[in-house]
Amino acid sequence: MSHPFSRRTLLTHGKLREIAQACREADIDAAVFVNILTHRQRRVLAEILGCHVLSGEDLAVHGETGWPLP
């Protein structure tokens, strides 16, 4: 999970479950995806992963002011 997924990376249901398990085990507060996410993608990913979901775009915009709350 230390390497970003590219836009071409297809997250299968199995891979997403694997990432969700790793997020729970690491007790993370947020998952960051490099590509731009739609509101629906953020919502679904947040539900599955159990944490805030951000895109690289969020970090570029809010990087100096703190974490945005979805």
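Each residue takes its place number in the sequence, starting with 1.
Ser55 places none of its side-chain heavy atoms less than 4.5 Å from the side chain of Gln41.
Here the CD1-CG distance, from Ile48 to Leu16, works out to 4.5 Å after rounding to the nearest 0.5 Å. To the nearest 0.5 angstrom, Asp29 atom CG is 8.0 Å from Cys51 atom SG. A distance of 9.0 Å separates CZ in Arg42 from NE2 in His39, rounded to the nearest 0.5 Å.
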task = Show your reasoning for whether side-chain contact (heavy atoms from CB on, under 4.5 Å) applies to Leu54 and Phe33.
result = CA-CA 6 Å; Leu54 305 170; Phe33 289 80; over 6 Å; no
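Here the side chain of Glu18 pairs no donor or acceptor atom with the backbone of Lys15 at under 3.5 angstrom.
With Leu49 as the partner, the side chain to side chain contact (heavy atoms under 4.5 Å, CB included) test is satisfied by one option alone out of Ile19, Val44, Ile28: Ile19.
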